[in-house]
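Whatever order the structure lists ligands and atoms in, that order sets their numbers, starting from 1. When reading the values below, keep in mind they use all heavy atoms of this one structure, side chains included, and skip hydrogens, waters and symmetry mates.
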Amino acid sequence: MDSARALSDARPTPFWLEDPGRPEALPALVGDTTCDLLVVGGGYSGLWTALIAKERDPSLDVVLVEGNEVGWAASGRNGGFCAASLTHGFGNGLQRWPGELAELERQGAANLQAIEDTLKRYGIDAEWERTGEIDVATQPHQLAELHEIAEAVAAHGLELTVLDADALRAEVDSPTFLGGVWDKEGVAMVHPAKLAWGLKQACLGQGVRIFERTKATALAEHGGGMAVRTPYGRVFARRVALGTNVFPSLVKRVRPFVVPVYDYALMTEPLSAEQLASIGWRGRQGLGDSANKFHYFRLSADNRILWGGYDAVYPYGGKVREEYDQRPETFRTLSANFFRCFPQLEGLRFTHAWGGAIDTCTRFSAFFDTAYQGRVAYAAGYTGLGVGATRYGAEVMLDLLAGERTERTSLEMVRSKPLPFPPEPVRWAGIEMTKWSLDRADRNGGRRNLWLRTLDRLGLGFDS
Ligand SMILES: Cc1cc2nc3c(=O)[nH]c(=O)nc-3n(C[C@H](O)[C@H](O)[C@H](O)COP(=O)(O)OP(=O)(O)OC[C@H]3O[C@@H](n4cnc5c(N)ncnc54)[C@H](O)[C@@H]3O)c2cc1C
């Protein structure tokens, strides 16, 4: 079958957000209000910040404003790979913070466990499955790279299970798989939107006041605190935490550090028992291939396959726009690559096709800081691995607002910042050059050209 025909009934919307459990939006803020802490943004960053602030001090008056609906953006449309890594993977962490990577890994593992514990504590059903993730090689040079990573991980006292082609194909069967490494503990699969909605409910239960359809439009000092304008009112807050991710930051100097990179995903119809048996996948792990232009794929609770990644599209000018969420040429490529990976599923159809903006920064992992003499904190730049790390970012923002030195704020990773992106048109040209070079490296046994080697030396990069 022509793989494009498998897309003919695909709905142009994120599968996860179509759930019948999607809650009604809460009313917008009308008039003025005061609070101790204002959280801006109702994705994971904002929701975790509000919830943990209440857990740290139940007497704190916390308000959260969300410009659209809680969980509508990246938090409700991602792949649902919830990873312990705070550094966009071990390799990136090793390159940038070798001296503190063991500590970063320890704190990341504790963060992942804290997410699991929170879901239990509040009775949140987010289809959490601690299955781990298998990184697979589909080309010989990727196999060598995966083995190198596994050795480096072992040298840090951590463990990955190395799978040869037979062992891997006994887990998940694709003729394209040459081998892989399985991180059994460090990744869980989650229903991303249910995680956001569950956190919203937990926040409300702890007394957080949430206003949806309430965009914060301006931030200014006011007495010893801050005043934040919204369309129909104002919030006077002692402290403000910004969890606005890829959207233009209310602190203007943060904007050059983050660019939107559009990532796309497909969801299939549920697999029949025979179709599932033809792949195996009894361990229900998340999978990712190891190319620069990589795919990520996983099962949903009702045995659909989510298949995403590959193209990472930076729109010239760096705006976040709804029209970018649909990209038929990428969906066609994704569909063709899906059937190349799982030819035994020929005839399967896609029910959903969507995209979303990833908050990419040049070091691929979040950065944190304060503004307005410590009254405002922000965290951004998770670059496609924020499902778990946003909870950590929430803790960091609260540490910074409290002016506390903690195990988190002592880290170089937390204290330092990435290099900003240059302005247009150099930004677009640089990103396109990098994407072209990464694609070439994928087709060329992984060999990195002079451009990529120079970026590596400067600690700069582009990823999704
Ligand atoms: C297609 C896709 C797949 C992904 N897959 C994965 C994955 O498998 N694993 C992983 O770890 N990560 C993944 N990510 C990344 C992950 O989803 C994000 O890192 C994470 O959701 C970021 O959460 P957040 O709360 O910071 O941002 P968001 O979810 O974007 O939330 C920010 C919120 O702030 C609101 N906002 C912005 N400005 C204002 C304002 N001025 N006033 C009021 N509200 C405002 C927005 O409306 C939005 O709701 C993926 C992302 C995409 C797009």
Side-chain angles (χ1 to χ4, degrees), residues 14-16 25 28-29 38-50 64-86 88-89 112 115 133 187-190 192-193 195-196 199-200 210-219 228-231 235 240-251 258 260-267 286-288 296-298 306 308-309 311-313 320 324-325 327 330 353-361 364-366 378-391 393-394 397 464:
F15 166 78
W16 309 113
L29 173 69
L38 171 66
V39 178
V40 182
Y44 305 138
S45 290
L47 293 163
W48 279 117
T49 307
L64 184 152
V65 294
E66 160 55 46
N68 190 334
E69 280 183 34
V70 161
W72 77 277
S75 296
R77 62 183 64 214
N78 61 70
F81 286 58
C82 188
S85 176
L86 303 173
H88 205 267
L112 184 65
I115 295 175
E133 177 177 348
V187 185
M189 296 296 113
V190 69
L195 174 59
L199 290 173
K200 172 184 174 181
I210 298 180
F211 299 97
E212 292 177 81
R213 310 247 159 78
T214 302
K215 183 174 177 183
T217 52
L219 190 63
V228 176
R229 206 166 324 129
T230 68
V235 186
V240 176
L242 300 177
T244 53
N245 190 27
V246 74
F247 299 90
S249 179
L250 289 164
V251 177
V258 174
V261 172
Y262 276 79
D263 184 51
Y264 296 90
L266 303 176
M267 186 66 106
L287 270 82
Y296 54 90
F297 37 117
R298 58 162 290 190
L306 178 144
D311 275 347
V313 179
V320 180
Y324 299 145
D325 291 350
R327 197 163 192 271
T330 293
W354 71 95
I358 278 178
D359 58 330
T360 292
C361 72
F364 317 148
S365 37
Y378 57 84
Y382 293 93
T383 318
L385 208 67
V387 175
T390 40
R391 185 193 171 282
M397 283 198 277
S464 60

Hey, can you tell me if His88 and Phe364 have their rings parallel, tilted or perpendicular (30° and 60° cut-offs)? tilted
Set of side-chain hydrogen bond (donor to acceptor under 3.5 Å, both in side chains) partners for Tyr44, sequence neighbours left out: Asn78
Answer yes if the ring centres of Trp72 and Phe247 are under 6.0 angstrom apart, and no otherwise. yes
By side-chain hydrogen bond (donor to acceptor under 3.5 Å, both in side chains), which residues pair with Thr330, not counting sequence neighbours? Asp311, Arg327
Sequence neighbours left out, what passes side-chain hydrogen bond (donor to acceptor under 3.5 Å, both in side chains) with Arg298? Give chain and number order. none
Can you work out which protein residues put a heavy atom within less than 4.0 Å of ligand 1? Val40, Gly41, Gly42, Gly43, Tyr44, Ser45, Val65, Glu66, Gly67, Trp72, Ala73, Ala74, Ser75, Arg77, Asn78, Gly79, Gly80, Phe81, Thr214, Lys215, Ala216, Gly243, Thr244, Asn245, Phe247, Asp263, Tyr296, Gly356, Ala357, Ile358, Tyr382, Gly384, Leu385, Gly386, Val387, Thr390
With no hydrogens and no angle check, just 3.5 Å: does a side-chain donor-acceptor pair link Tyr296 and Asp263? yes
